[in-house]
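First comes the structure, then the notes that go with it.
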2 protein chains.
Amino acid sequence: MTNSPTTKKPRKETSSRDAELTKGRILDAAEDEFAKAGLLGARTEAIAANTKVTKAMIYYYFEDKEKLYQAVLERAFARRVSAIQKLDLAGTPPAQALRLVVESFLDEVSQHPNLSAILFYEAMQNKGRFYKDIAIATLYEPIENIIARGIEVGAFRQVDPRHSAVNIMGACVFYFCARENVKHLWEPGTDLLSPEMVKQHVTEAADFVLAGLRK
Amino acid sequence: MTNSPTTKKPRKETSSRDAELTKGRILDAAEDEFAKAGLLGARTEAIAANTKVTKAMIYYYFEDKEKLYQAVLERAFARRVSAIQKLDLAGTPPAQALRLVVESFLDEVSQHPNLSAILFYEAMQNKGRFYKDIAIATLYEPIENIIARGIEVGAFRQVDPRHSAVNIMGACVFYFCARENVKHLWEPGTDLLSPEMVKQHVTEAADFVLAGLRK
DNA sequence: GTCTATAACCTGATAGAC
DNA sequence: GTCTATCAGGTTATAGAC
């Protein structure tokens, strides 16, 4: 908002003093911490430790822990919303449309694995207190609608679209959420977020979902 | 261990003073609390509040919060182990066997919805620090083996058994874990743990899984 | 076995100097 | 904008009476 011509000028290089940078760093560290521990378990001290500034800065920029949490959710959902808006779901045949949403969602989760964990914590501990409506609108309803359409057209089995949408989400995100646990199923040292592993999961999950509904 | 003949005699009815009863109550309350908040977020105070005894009893019987958590996990897994041992998986054709494990697992989760939440928290927060091995042996490996067999026999598609096992677990438990959030998809006041809703989920999930693998 | 009281510590949040 | 210091309240865990 300041129009001062000095705004863009790099300041002393000694100690970084940049509002946007600091704010961004806090958001990044907070996203990590909330993904690991949820709103309840997250520690502001731990967030600060992964930042190049002190704990006091969290309160300076975000007022309190809960507001910071909401800011993290907002940023994460902004990505989700813009991703889903790019898809022309209504104009695509159901089977293809379903693959589109699932793959779009999985691609995003692959690039931001924190999202699925945060969503899950939010659903489990906070009962969707903060993001309920937007989550339903961007995650479940699009899938539910496609399934309903697919049944009408005779492309999908006679399932309950709502239950199916929920189960599909589960099949998609579980891998990411539980990765630090299920990784023990694979050879020691296997990174479940490596490009190859992620690619395989996306393929497997999308195929699984499509096969599960197809008539 | 005490052989005293007075052991079974009911004591004064005034103030219940029964070791096993108290221990059981603490375990029950703890299971609820850990399912809601995870090891990290759980409050011993909250556990005590849902017991008819005080917080001090938790430490008297279980030493500390982490030991109590482990006791809860052990009890929950004992149920899982005994349930899976009752099934004759090796002697049953793959498709049927898979339906058997999935339904057995879902039935148990239906009756003890806490299990799925605890498993999930354990996987996410604690990275399976406490129950990793037994979880793999009782949850993932049986499914993985059936899938591998089903592919050999030509009953299932050519999938990766390991990835599929993980995705199947996700499709099964997500409904229970996220119930307080996804319930907003249904009419207000809908109880996702009601017998009808649970029955529908079990049917939908089992069908979905089978259809997703069948050739 | 169960309680009350409290110690010891942790964590969110703020004040005030720079 | 950033830091250090610190407070207030919450939380685990224990001591000791009954």
Side-chain angles (χ1 to χ4, degrees), chain A residues 1-2 4 6-30 32-34 36-72 125-126, chain B residues 1-2 4 6-30 32-34 36-72 125-126:
Chain A
M1 284 303 164
T2 57
S4 154
T6 63
T7 304
K8 291 284 168 184
K9 242 192 239 169
R11 309 177 185 240
K12 291 196 201 88
E13 289 290 325
T14 42
S15 162
S16 63
R17 206 179 163 84
D18 181 325
E20 284 312 305
L21 184 73
T22 301
K23 222 173 150 179
R25 271 187 187 145
I26 293 173
L27 275 175
D28 289 340
D32 282 345
E33 175 71 4
F34 286 129
K36 270 188 205 139
L39 171 59
L40 225 68
R43 297 288 168 250
T44 57
E45 188 59 52
I47 295 171
N50 287 317
T51 309
K52 294 216 171 79
V53 291
T54 62
K55 197 169 50 164
M57 286 294 94
I58 292 174
Y59 297 92
Y60 176 74
Y61 283 111
F62 296 95
E63 195 170 344
D64 61 22
K65 184 176 152 182
E66 197 171 294
K67 295 270 193 345
L68 171 61
Y69 175 71
Q70 283 180 275
V72 168
Q125 328 197 285
N126 309 324
Chain B
M1 283 303 162
T2 58
S4 155
T6 64
T7 305
K8 290 284 168 182
K9 242 191 242 169
R11 310 178 186 236
K12 291 196 201 87
E13 288 291 325
T14 42
S15 163
S16 63
R17 207 178 162 83
D18 181 326
E20 284 312 306
L21 184 72
T22 301
K23 222 173 150 179
R25 272 186 187 145
I26 292 174
L27 275 175
D28 289 340
D32 281 345
E33 175 70 5
F34 286 129
K36 270 187 206 141
L39 171 59
L40 226 68
R43 296 288 168 253
T44 57
E45 188 60 50
I47 294 172
N50 287 317
T51 310
K52 294 218 170 80
V53 291
T54 62
K55 199 170 47 165
M57 287 294 94
I58 292 174
Y59 297 94
Y60 176 72
Y61 284 112
F62 296 96
E63 197 171 344
D64 61 22
K65 184 176 153 183
E66 197 170 294
K67 296 268 193 347
L68 171 60
Y69 175 72
Q70 282 179 274
V72 168
Q125 302 198 311
N126 310 322

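Quick note on labels: first sequence line is chain A, next is B, and so on, each numbered from 1.
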Handout entry: Separation of A:I58 CD1 from A:D64 CG (nearest 0.5 Å)
Key = 11.0 Å
Handout entry: Separation between CG of B:L39 and CD of B:Q70, rounded to the nearest 0.5 Å
Key = 9.0 Å
Practice task
Considering just the side-chain nitrogens and oxygens of A:T22, establish if one lies under 4.0 Å of OP1 or OP2 belonging to D:dG1.
Solution key: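 So the side-chain polar atoms of A:T22 never come under 4.0 Å of the phosphate oxygens OP1 or OP2 of D:dG1.
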Practice task
Output the residues of residues 55-64 of chain A in contact with DNA chain D, where contact means a heavy atom of the residue under 4.0 Å from an atom of the strand; sort by number or write none.
Solution key: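 Residues of residues 55-64 of chain A that come under 4.0 Å of DNA chain D are, in numerical order, A:A56, A:M57, A:Y60, A:Y61.
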Handout entry: Partner set under side-chain contact (heavy atoms from CB on, under 4.5 Å) for B:A46, not counting sequence neighbours
Key =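 B:A46 satisfies side-chain contact (heavy atoms from CB on, under 4.5 Å) with B:E33, B:R43 once adjacent residues are dropped.
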Handout entry: B:N50: partners by side-chain contact (heavy atoms from CB on, under 4.5 Å), with sequence neighbours left out
Key =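 B:A29.
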Problem - Closest non-hydrogen atom pair between B:T51 and B:R25, with its separation - result: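 Looking at all heavy atoms of both residues, the shortest contact is CG2-CB, 3.9 Å.
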Which whole-number value in Å describes the distance from [X] [atom1] to [N] [atom2]?
{"X": "A:R17", "N": "D:dG1", "atom1": "CZ", "atom2": "P", "answer": "8 Å"}
{"X": "A:E66", "N": "C:dG12", "atom1": "CD", "atom2": "C1'", "answer": "12 Å"}
{"X": "A:K65", "N": "C:dT14", "atom1": "NZ", "atom2": "C1'", "answer": "17 Å"}
{"X": "A:I26", "N": "D:dT2", "atom1": "CD1", "atom2": "C1'", "answer": "11 Å"}

Problem - ring-ring contact (aromatic ring centres under 6.0 Å, His included) contacts touching residues 47-72 of chain A (sequence neighbours left out) - result: A:F34-A:Y69, A:Y69-A:F130
Handout entry: Set of salt bridge (Lys or Arg N to Asp or Glu O under 4.0 Å) partners for B:D28, sequence neighbours left out
Key =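 For B:D28, the residues satisfying salt bridge (Lys or Arg N to Asp or Glu O under 4.0 Å) (neighbours in sequence not counted) are B:R75.
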Exercise for the section: For DNA chain C, determine which residues of residues 41-53 of chain B have any heavy atom closer than 4.0 angstrom to one of its atoms, and list them numerically. Expected result: B:K52, B:V53
Fill in the blank from the handout: residues 44-58 of chain B vs salt bridge (charged side-chain N to carboxylate O under 4.0 Å, His left out), sequence neighbours excluded, gives B:E45-B:K55
